[in-house]
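These notes are about the structure you will find just below.
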Amino acid sequence: MNFRKRTHTCGELNIKNENKEVTLNGWVSKKRDLGGLLFIDLRDRYGITQLKIIPENKDIYDTALKLGQEYVISASGKVLKRESINKNIPTGEIEIELTGIEILNESEVPPFVIEDDVKATDELRLKYRYLDLRRKSLTDNFIIRNQAYQIVHKYFEKHNFIEVETPMLMKSTPEGARDYLVPSRVHYGKFYALPQSPQLYKQILMVSGFDRYVQICKCFRDEDLRADRQPEFTQIDLEMSFVGQDDVFEIVEGMFKEIWKEIKGIDLPERFTRMSYDEAMSTYGSDKPDLRITGDMKIVNLTETVKGSEFKVFNDALESGGIVAGIKLSSKEVSRKIIDGLTEFVKKSGFGGLGYLKFNPDGTVQSPVVKFLNENIIENIKKKFSTEKGDTIFILSGEKMKVFQTLGQLRLKLAEDFGLTDKSKYEFVWVIDFPLFRYEADDKRFYAEHHVFTMPKDEYIKFLDSKDVNEIESIRANCYDLVLNGHEVISGSIRIHKPELQKKVFDIIGLSDEEAKMKFGFILEAFRYGAPPHGGAAVGFDRIIAILCGLNSITDTIAFPKTLKASSLMDECPSEVSKEQLDELGIEIKQKK
């Protein structure tokens, strides 16, 4: 096929190119017949240019009449100034009067119109993903993603990191989410796993002397999906030797500053906010606090304030070792219907009801609880919250973490219902000093809160020898998450590099020497040969792109995503395989119970 090579894209011509002879290649987006004159909107990934076909050019006109949506064409002509300017597109001042046209490929009628305000269902869009990706809004997402890729590569090169690719086929070490298993034909009856992260390999690279490693890599987790979660996802993985927490923070913050400056034109703060896990939970009810919410909506502990009240619900909670706490909604009209809805909301978390105090504009206090509280208690509650007329305080009582977490969820709901989130902001906060372990009473054992190689903070190392559950629960880790607008975008830690400390952690979680050797033998062996102090982080690349693009879901930052059932509708994956393939691997499919 001999078609003319394009001279320009469909997004770059303007009035400065008037009277120039050009050739464009692309897809037919729209065709309009205006009393004999034909107009075609030609689209490629760079934009849209209007083509004009006059009846006098009969051959061109007859060819243009045959065009349907999504036909691929090559069009040549002269750039002219448009009579009616379209200010919504960069090429809106000009049009091309055609002197030549060639149909490069026809198209069937597409299953949906390819436009930004698409009317198709998510299922239809994913089935015909190659059509969906032609939409400008999606193309723009991947342009931003590409920009971020380039910035990240250049940034880490500038800071002397080495990019190293780690294996996609690795040993199965299930520690949280399920592994995706890959059967081996050569090693009959044995399996590889796809990496949940390169965690073990990057630590071994530190032992190898690669003191600054980075990789943009694929990770895989076989877990239940949601809008924020895909079975395969991308992370920026980094590790550094001879560093502490502040060194990791400095590198990561610098990366975000360059991304936000180059892509958004925004100067981020010199140093990101830091907040302990305990402060995040007691103030925001979440280890992923969204700091964009206005109105000083923070959790206030009222346990001491309400002591001595006559309200049985509060007293029962306090007698059982629980707490009373609340949050304030400022200057909003709260109807009975709203309160009933919020009450049903907290009941889903196991609470019997939701206490509230409405401070009316006339100075009265409205609440079923108020008759059980004396004036002194009410006055102290007002002081605790710096309450003004028109404010409403919502109160829960019970087990401490349950109260904090439910108030945190209520905070997010109130922010959504009353439009209290400033979506123009980008609020970064490091959440630090996480618990090293969590105790499960039902199992009567400890689990690693982050992962088993996380270093405890120096002042807590002595408790690794303790037999007291409370002392072990009190151990805080050299572990950190970076939260952006209420989303965890980074998780990381300083790692254990001393075998004797590692064994103590294994002992606490009940991992025997034999089990440790079976799961982590290769890295434990490597640590015997001079492991340096090291630490790092994993950056959720898809989530960062979603935030940069103003999306709630990561789906449209991934070219070929899976559904919530972990299937790809476009290529009908996963699919069955032949019996011969299964026999070769020694696999038999059993009937599901």
Side-chain angles (χ1 to χ4, degrees), residues 1-120 124-125 127-140 142-143 559 570:
M1 179 180 288
N2 296 314
F3 59 89
R4 291 185 62 186
K5 183 178 179 181
R6 68 180 177 186
T7 59
H8 297 80
T9 70
C10 295
E12 65 178 293
L13 295 171
N14 55 48
I15 198 65
K16 294 178 183 177
N17 304 109
E18 190 175 7
N19 295 319
K20 190 169 188 175
E21 294 288 339
V22 300
T23 297
L24 306 179
N25 298 331
W27 287 261
V28 174
S29 180
K30 288 181 182 178
K31 185 173 76 173
R32 302 181 299 281
D33 188 340
L34 301 182
L37 281 177
L38 284 180
F39 291 96
I40 294 167
D41 285 348
L42 191 66
R43 180 190 67 242
D44 62 13
R45 79 172 173 91
Y46 303 93
I48 289 178
T49 297
Q50 179 171 284
L51 310 180
K52 178 182 178 182
I53 303 100
I54 59 176
E56 287 76 8
N57 293 335
K58 190 173 186 310
D59 290 344
I60 297 172
Y61 190 84
D62 289 345
T63 301
L65 285 174
K66 301 174 187 175
L67 298 178
Q69 269 195 335
E70 303 309 313
Y71 274 43
V72 187
I73 67 171
S74 180
S76 300
K78 181 183 287 188
V79 180
L80 301 178
K81 183 177 181 180
R82 280 176 65 163
E83 292 182 10
S84 54
I85 293 173
N86 182 354
K87 296 181 179 179
N88 297 320
I89 56 174
T91 61
E93 289 183 285
I94 59 94
E95 61 190 8
I96 314 299
E97 186 174 297
L98 293 195
T99 56
I101 188 170
E102 181 180 355
I103 298 175
L104 304 178
N105 215 337
E106 297 180 357
S107 170
E108 294 185 11
V109 177
F112 54 87
V113 178
I114 297 169
E115 56 189 359
D116 283 346
D117 188 20
V118 66
K119 305 298 190 297
L124 194 62
R125 288 175 52 216
K127 181 173 175 59
Y128 296 94
R129 187 63 166 177
Y130 41 86
L131 298 179
D132 197 36
L133 288 171
R134 292 180 190 173
R135 296 192 297 124
K136 184 179 185 303
S137 56
L138 259 69
T139 303
D140 287 348
F142 289 94
I143 290 171
M570 184 187 74

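Only heavy atoms go into these numbers, but all of them, side chains included; no hydrogens, no water, no symmetry mates. The shown structure was predicted, so the numbers you read here are calculated from the model rather than taken from an experiment.
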Worked verdict on Tyr46 versus Glu12 for side chain to side chain contact (heavy atoms under 4.5 Å, CB included): CA-CA 8 Å; Tyr46 303 93; Glu12 65 178 293; over 6 Å; no
Tell me, do [X] and [Y] make a side-chain contact under 4.5 Å, heavy atoms counted?
X	Y	result
Thr99	Glu21	yes
Val113	Lys119	no
Ile53	Ile101	no
Phe142	Arg45	no
Asn19	Leu80	yes
His8	Thr49	no
Asn57	Leu98	no
Leu67	Leu38	no

Please determine whether the number of non-hydrogen atoms from other residues, nucleotides or ligands lying under 6.0 Å from atom CG of Asp116 exceeds 12.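 More than 12 heavy atoms, drawn from other residues, nucleotides or ligands, come within 6.0 Å of this atom.
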Should we say atom NZ of Lys52 is surrounded by more than 12 heavy atoms from elsewhere, each under 6.0 Å from it? yes
For a side-chain contact (heavy atoms from CB on, under 4.5 Å) with Ile73, tell me which candidate from Asn25, Val28, Leu104, Thr63 qualifies. Val28
CG on Leu42 to CD on Gln50, rounded to 0.5 Å: 11.0 Å
Using 4.0 Å as the upper bound for N to carboxylate O, is an ion pair formed by [Y] and [X]?
X	Y	answer
Arg82	Glu18	no
Arg134	Asp132	no
Lys58	Asp62	yes

Determine whether a donor-acceptor pair (N or O, by modelled atom type, separation under 3.5 Å) exists between the side chain of [X] and the backbone of [Y].
X	Y	value
Lys31	Leu65	yes
Arg43	Cys10	no
Thr91	Ile48	yes
Thr7	Leu24	no
Asp140	Ser137	no

Under the criterion side chain to side chain contact (heavy atoms under 4.5 Å, CB included), I'd like the reasoning laid out for Ser74 against Thr23: C-alpha separation, chi angles, the key distance, then a yes or no. CA-CA 7 Å; Ser74 180; Thr23 297; 3.7 Å; yes
What pair of heavy atoms forms the shortest contact from Ile96 to Ile94, and how long is it?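 Looks like CD1-CD1, 4.3 Å.
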